[in-house]
Enquirer: 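Questions regarding the structure given below will be posed in turn.
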Amino acid sequence: MTEKDLKKRKEQILKFMKEPGYVPMRRRDIAAVFRVPQTAKEELEQVLEALLQEGSVIMDTKGRYHMEQTEVIRGVYHGTSRGFGFLSPEDGSADIYIESGATLGALNGDLVQAVVLEEGFSSKTGSGGKSRAGRIVKILERSNETVVGTFFKKKDYGFVVAEDKRLGSDIFIDGKYTKGAVSGHKVAVYVSDFGDGKKNPMGKVTEILGHINDPGSDLLTILRAFNIPTEFPGEVMEAAGRAPDKVSEKECEGRLDLRGEVMITIDGEDAKDLDDAVSLKKTDTGYLLGVHIADVTEYVKEGGALDTEAKKRGTSVYLIDRVVPMLPHRLSNGICSLNAGEDRLALSCLMELSEDGTIYGHRLAESIIHVNRRTSYMEVAGVLAAGEEARGTLEEEYGEIYPMLLLMEKVSALLRQKRKDRGAIDFDFPESKILLDESGRPLEIKPYERNAATRMIEDFMLAANETVAEDFFWQEVPFVYRVHESPEEEKIQRLGVLIQNFGYNLRGSKHAPHPKVLQSLLEKSGGSPEEALIARLTLRSMKQARYTVDCEGHFGLATKYYCHFTSPIRRYPDLQIHRIIKENLRGTLNESRRSHYRGILAEVAQHSSKTERTAEEAERELEKMKKCEYAQERIGLIAEGIVSGITNYGMYVELPNTIEGMVRLSALTDDYYFFDEENYRLIGERTNRIYQLGQKLKIKIDSVDKVLKTIDFLPVSR
């Protein structure tokens, strides 16, 4: 069909739909009206598809075409492994559900245009509640020209299962373009044809990264799949090479000299980029708490090679046993790291606290500091846990640092109580700690819990972040805030249903709960077998925190003001607001500079949120890989876990070491089980046997799929 014919037929159909008596019709009804012969049905489909893509008509969830006026919405498409997805509108409005037949071939991360077909549509995705339903009408920008995944060879062709399962589709590879790959190879693929949502994308293998069983191929695959750069460009390394090894006396001029203050760093045992130090002393009215942050902007100038690369990366990425840094090691581990025994430039937030822990005053200053001692979380936790009988030994070893640590423990508790009183939610469930051998093979996986020292540093950093955010909000200065919005009503309602299985309920309004409601739930479940599960269910019901130029509050912390100020070595938003703070302190933040920041900060915030999510996804995917490797070597192992999720195709069980696997319905051979969606339970049709959240279950590791990163369990007779 020529362009002229296509245009003519589009006009005919639009004219027909504009008639007063037109009732929305399906394709076959339109074909009947226009008496389209069977041989021309494909041409009609082509015309209707063209009208859909240009937004002239829409197709509702029942497959009917009409011209109802609707707004075309731009946003990013987020796919799922099950084919459907969600559009996150650029205007920040609620997500739009996109069913599998309405994606137009969009892949996860694509920038698209869509129209809303129906409000309050029940998406039946298991996410709870209802969503707007829509259809993608145009793909504006592709984000997946290169896809990384596992290759599988057939006779004269192959296909690639993408590492990112949210792409929702395998990539077809013609036999001419396999580059000699064999089944199990990890490959990079150039997508030459994205398909249209009805046929699979097609591509060409451009690089073989290694075999799925090769040591190190998993890490390389993750890095490539998420476009995480491992090398710095030459001009960036040259700029880093010009950074000094030591602070000069000239650099100290005009700064608040705090080198005489006792201060320490407290970090992980293996940390090398130390960007925060703390000090504390008793005053006549209470306490003076100092949070001293590395002055990275003194060496990373706006618009320079280092700044451009840092902004592009957005964040450091932590991948089990290694870090992909935002800044070159010469900076992050050198002049910008607050190493003990060295003079360092800092931005200090000096907070005045009353006896009950209320922050009633503060001062921000460019400073010069000298850390007395580097300590670790485990070391400090041990000191704080030591009894009175160890006091003499500890005083001798730590000197004036020892009483400061005891005072820090006290002030930390005061700050934490203040947060608790206003309703802040404290998620204290264990994360995974994965220990690897030299070849990257997982030796041990265990829960890693916070201790007294990690909580103490967290309390001090939160206090500084809040203090800085409130200060600059009231000054009405362009700024980057960290916001956490209230959870959606549907997700809170679903959480209320889930926790009923454990005998808990959500008191107060379920429509817009105060953080104290969720805080109370976590407190009540504390110490119970289901404590970690309740915490995870609660966390999943909440929105993701993000960066924005608007100070919209932080739901989880129950505060109106919050920003990220304390980690400029590894987070770009922190580095960016340090520049604003310093210009403000120096009196150079004039209207011209404010206008400059107003012009760039929205994009900085949006990009930083995106890179943060990418880093989290990469970290999560590598962790899933290692857990699969660990389980693969333990096929047949019997263990007891707790039911952590229920779906219409089985139940998830989490083991004490944080490994999670699935018991599929087909593995429950003693009865036919159906999914009680309202109460999230599996019920035996004949026996009435029930499987529900939080239930203990003995399982056997049955199989592992390293490509899909899934672990299957079998139930052991109870």
Side-chain angles (χ1 to χ4, degrees), residues 127-129 357 381 412-433 447-463 465-466 482-545 553-560 562 616 641-646 652-656 658 660 679-680 692-696:
S127 59
S412 166
L414 293 173
L415 290 169
R416 200 173 318 127
Q417 186 62 47
K418 285 289 181 184
R419 289 204 313 276
K420 180 181 177 181
D421 291 344
R422 73 187 188 211
I425 304 168
D426 187 14
F427 291 102
D428 197 13
F429 53 83
E431 299 179 355
S432 298
K433 177 71 173 178
Y448 179 80
E449 300 185 7
R450 294 188 299 168
N451 59 34
T454 56
R455 291 190 192 95
M456 191 165 74
I457 288 299
E458 181 180 282
D459 293 331
F460 296 160
M461 298 304 119
L462 290 175
N465 286 336
E466 289 181 46
R482 179 74 167 175
V483 305
H484 185 223
E485 296 154 308
S486 299
E488 295 173 358
E489 178 183 333
E490 293 88 350
K491 290 192 175 182
I492 290 299
Q493 290 176 347
R494 179 178 180 237
L495 175 64
V497 172
L498 293 174
I499 63 175
Q500 285 177 6
N501 290 317
F502 305 99
Y504 302 106
N505 58 60
L506 293 176
R507 299 192 180 278
S509 172
K510 295 180 182 179
H511 303 295
H514 189 277
K516 277 191 175 182
V517 174
L518 302 183
Q519 179 202 79
S520 175
L521 170 64
L522 297 180
E523 285 182 346
K524 288 177 182 175
S525 63
S528 68
E530 65 270 10
E531 177 183 9
L533 177 57
I534 292 288
R536 287 194 175 92
L537 290 173
T538 303
L539 184 61
R540 290 170 191 165
S541 74
M542 298 167 72
K543 290 188 175 181
Q544 272 190 317
H554 197 292
F555 177 83
L557 293 172
T559 182
K560 294 180 181 179
Y562 197 67
E616 289 172 349
I642 187 171
V643 177
S644 56
I646 303 280
Y652 289 97
V653 177
E654 184 175 322
L655 303 182
T658 73
E660 189 176 59
N679 297 297
Y680 290 90
Q692 61 187 12
L693 290 173
Q695 179 178 329
K696 289 184 178 179

Enquirer: Please name the pair of heavy atoms, one in G423 and one in P515, separated by the smallest distance, quoted to 0.1 Å.
Expert: O-CB, 3.1 Å
Enquirer: Side chains of T559 and R422: closer than 4.5 Å at any heavy-atom pair?
Expert: yes
Enquirer: Charged N to carboxylate O below 4.0 Å: is that the case for R419 and D459?
Expert: yes
Enquirer: Return the minimal non-hydrogen interatomic distance between M456 and S412, and the atom names on each side.
Expert: CA-OG, 3.4 Å
Enquirer: Taking C-beta and beyond as the side chain, do L495 and L518 meet within less than 4.5 Å on heavy atoms?
Expert: yes
Enquirer: Any heavy-atom pair between the side chains of I642 and L693 that's under 4.5 Å?
Expert: no
Enquirer: Should we count NZ of K543 as having more than 12 external heavy atoms under 6.0 Å?
Expert: yes
Enquirer: Are S525 and Y504 side-chain neighbours, meaning at least one heavy-atom pair lies under 4.5 Å?
Expert: yes
Enquirer: Do T454 and E458 come within less than 4.5 Å of each other through their side chains, counting heavy atoms only?
Expert: no
Enquirer: So which heavy atom on L557 is nearest to which on A424, and how close?
Expert: O-CB, 3.5 Å
Enquirer: Find the distance between OH (Y680) and CD1 (I646) and round it off to the nearest 0.5 Å.
Expert: 11.0 Å
Enquirer: Under 3.5 Å, which donor-acceptor pairs link side chains of residues 531-538 to any protein atom two or more places apart or in another chain?
Expert:
{"from": "E531", "atom 1": "OE1", "to": "G527", "atom 2": "N", "distance (Å)": "3.0"}
{"from": "R536", "atom 1": "NH1", "to": "E654", "atom 2": "OE2", "distance (Å)": "3.1"}
{"from": "R536", "atom 1": "NH2", "to": "P430", "atom 2": "O", "distance (Å)": "3.1"}
{"from": "T538", "atom 1": "OG1", "to": "I534", "atom 2": "O", "distance (Å)": "2.8"}

Enquirer: Nearest 0.5 Å, please: how far is OG in S486 from CZ in F555?
Expert: 5.5 Å
Enquirer: Kindly say whether G556 contributes a backbone atom to a donor-acceptor pair with the side chain of H484 at under 3.5 angstrom?
Expert: yes
Enquirer: State whether the side chain of Q519 and the backbone N or O of K420 hold a donor-acceptor pair below 3.5 Å, judged by distance alone.
Expert: yes
Enquirer: If I take atom CE from residue M461 and atom CG from residue L415, how far apart are they, to the nearest 0.5 angstrom?
Expert: 11.0 Å
Enquirer: Rounded at 0.5 Å granularity, tell me how far CD in E488 sits from CZ in R494.
Expert: 12.0 Å
Enquirer: Write down the atom of G694, the atom of F502, and the distance for their closest heavy-atom approach.
Expert: CA-CE2, 3.1 Å
Enquirer: Can L522 and I425 be said to form a side-chain contact (heavy atoms from CB on, under 4.5 Å), step by step?
Expert: CA-CA 8 Å; L522 297 180; I425 304 168; 3.3 Å; yes
Enquirer: Has the side chain of R450 got a donor or acceptor atom that lies under 3.5 Å from a matching backbone atom of R455?
Expert: no
